[in-house]
There are 2 protein chains.
Amino acid sequence: MNEHLQSQLDVSVDCVVFGFHNNRLKVLLIEQENVSKNNNRRYALPGDLVLPDEHIDHAAERVLYELTNLKGIYLEQFHTFGNPNRVRKEDDIEWLNVIRKNPDARVITIAYYALVKMEDYTPSPSSYAEKAEWKDVLDIPELAFDHNKILRKALKKLRKEVSDHTVGFELLPEKFTLGQLQQLYEVILDMQLDKRNFRKAIKKMDTVLALEEKQKGVLHKPAQLFTYIGERKEVD
Amino acid sequence: MNEHLQSQLDVSVDCVVFGFHNNRLKVLLIEQENVSKNNNRRYALPGDLVLPDEHIDHAAERVLYELTNLKGIYLEQFHTFGNPNRVRKEDDIEWLNVIRKNPDARVITIAYYALVKMEDYTPSPSSYAEKAEWKDVLDIPELAFDHNKILRKALKKLRKEVSDHTVGFELLPEKFTLGQLQQLYEVILDMQLDKRNFRKAIKKMDTVLALEEKQKGVLHKPAQLFTYIGERKEVD
DNA sequence: AAAATAAAGTGTTTTTTGTACACTTTCGAA
DNA sequence: TTCGAAAGTGTACAAAAAACACTTTATTTT
């Protein structure tokens, strides 16, 4: 019985939530409560421990909600980080001492990622999060724990899925123009795409539907609107 | 402190090791020690708890070695299974009561998979494994815990990677013929491939090298031998 | 030694997919 | 009415994928 105390091992989830705005790829970060004497800002991915009787997928949803008030976001697991020293920076330890009941416990974390329409989700911080904000992925500060590594891996996954055309539409509003979609692809893949070829490719996907509706209030020829009718993946 | 006892949570690894023999895709299973009164054979994937200070990737290697005596196999993580009820069949509970110090603890498992040249690895059971054997993936019994689900997911992953040509050679002996390689692909993908097109595709991969050597002891025209010179993926 | 067996080995044509490329249209604002 | 700004559109060329059938060669059998 004491033996289990020695071998304290916790499991957490961390959420990498991508958004897209003003032609920039964003990721949702929280700023942790300030507990450090030297007043460091500590940014981190939203994440926390899995509860004793909770499905890990549910934990990801719950934690994201508790920290940012975002709800109903489909999160997909992409990697589990289990280096025993992943939580060993000085600031990490200081933080854990304040927030955790077992600050010395080793923590294995399961990382999830999601793509959301930023318009639909305005994060507001709660729980131990002091802020919850969208940050440009090209301008990410040093994050708590191994969160920079987690984010890097999530980005890699995102790029791969986007080139496979299996993902991406989730980042746009429900109705979008092909121009917006192309810009999204260009930002994520970090390359220029040919307009005519891009449209040809999208138009033969049967998950993208042309609406009988046009963009309004723009100072140029209004574009036709499209919508995405793809469906969700299966769950464990 | 007691709180942590309530929330007993362990992390395990499970290994799905694929092999190929006699034109069949195989998976390495163990038969657990018999602890049941009704003498059920219990097959399972090789798996066990992660140690307190062990990297999860290392745990996978170690556990596989302890149970099957196979060493030096590159295992890649593919999914983490975290349903709180994943270990709740009657036989599962009975088994855990014998083998585990905290039989009631919830266990989250990180699943790994590997491809090996069966010739090079002859498993021999140890630890709580009574047998360790290669089983045809088309003929898998009911496994312990949620191992059937884990295996299904591993197979899906394998098929995907094989169609991407990122994996497969690891299943063949060091020297192989293009005919053998094609049969391997056909078995995994469960489809017929055109011989000439297949050879054309393989021959323009620069990771497959033609040797100045021919097959021996076959009752037909002996084939040229090839070898694979691809390299390993990066690690966390 | 000739014939039978069994898989190895080999190229060309057709179809499909991807890439490169430039001008006209349409709305809102000035 | 003109201007600005992005929308929208088609064709030719290149590359990749798919379809397709006969000859070769070592071994075994007669």
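Note: hydrogens, waters and symmetry copies are ignored here, and every other heavy atom, side chains too, is used.
Using a 4.5 Å heavy-atom cutoff, the side chains of A/Tyr128 and A/Leu67 are in contact. Between A/Lys195 and A/Gln182, some side-chain heavy-atom pair lies under the 4.5 Å cut-off. Taking 4.5 Å as the limit, every side-chain heavy atom of B/Leu181 sits out of range of all side-chain heavy atoms of B/Phe226.
When each of C/dG9, D/dG8, D/dT9 is scored by its nearest atom to the side-chain atoms of A/Lys203, the top-ranked nucleotide is D/dT9. With C/dC27, D/dA7, C/dA8 as the candidates, the nucleotide lying closest to the side chain of B/Ala223 is C/dA8.
Here D/dA7 presents its P atom at 14 Å from CD1 of A/Ile202, a figure rounded to the nearest Å. Taking atom NE2 of residue A/His220 and atom C1' of nucleotide D/dG8, one finds them 13 Å apart after rounding to whole Å. Atom pair B/Phe198:CZ and C/dA8:P shows a separation of 12 Å (rounding to whole Å applied). Rounded to whole angstrom, the span from the NZ atom of A/Lys221 across to the P atom of C/dC27 amounts to 8 Å. Distance CZ (B/Phe176) to P (C/dA7): 20 Å, rounded to an integer number of Å. In this structure, A/Lys216 atom NZ and C/dT26 atom P are separated by 18 Å, rounded to whole Å. One interatomic measurement links the two molecules: CD of B/Gln192 to P of D/dC20, which rounds to 14 Å at whole-angstrom precision. D/dA18 atom P lies 18 Å from atom CZ of B/Arg199, rounded to whole Å.
The aromatic rings of A/Tyr228 and A/Phe169 lie parallel to each other, their planes meeting at an angle below 30°, with 60° marking the opposite boundary.
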With a cut-off of 3.5 Å and sequence neighbours excluded, list every side-chain donor-acceptor pair involving residues 130-147 of chain A.
| from | atom 1 | to | atom 2 | distance (Å) |
| --- | --- | --- | --- | --- |
| A/Glu133 | OE1 | A/Tyr43 | OH | 3.3 |
| A/Asp136 | OD1 | A/Leu138 | N | 2.9 |
| A/Asp136 | OD2 | A/Arg24 | NH1 | 2.7 |
| A/Glu142 | OE2 | A/Lys89 | NZ | 3.2 |
| A/Asp146 | OD1 | A/Arg86 | NE | 3.3 |
| A/Asp146 | OD1 | A/Arg86 | NH2 | 2.9 |
| A/Asp146 | OD2 | A/Arg86 | NE | 2.8 |
| A/His147 | ND1 | A/Leu45 | N | 3.0 |
| A/His147 | NE2 | A/Asp14 | OD1 | 3.3 |
| A/His147 | NE2 | A/Asp14 | OD2 | 3.4 |

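If you check the side chains of A/Gln180 and A/Tyr185, you find no donor sitting under 3.5 Å from an acceptor.
Atom CD1 in B/Ile110 sits 11.5 Å away from atom CZ in B/Phe81 (nearest 0.5 Å).
Residue order along DNA chain C, read from the 5' end via each residue's closest nucleotide, puts B/Gln180 first among B/Gln180 and A/Gly217. Residue-to-nucleotide proximity on DNA chain D shows that, of A/Gln215 and A/Leu219, the 5′-proximal contact is made by A/Leu219.
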Could you go through nucleotides 18-22 of chain C and list every protein N or O atom that sits under 3.5 Å from one of its N or O atoms, giving the distance for each pair?
| from | atom 1 | to | atom 2 | distance (Å) |
| --- | --- | --- | --- | --- |
| C/dT19 | O4 | A/Lys200 | NZ | 3.0 |
| C/dA20 | N7 | A/Asn197 | ND2 | 3.0 |
| C/dA20 | N6 | A/Asn197 | OD1 | 3.2 |
| C/dC21 | N3 | A/Arg196 | NH2 | 3.2 |
| C/dC21 | N4 | A/Asp194 | OD2 | 3.3 |
| C/dC21 | N4 | A/Arg196 | NE | 3.4 |
| C/dA22 | N1 | A/Arg196 | NH1 | 3.4 |

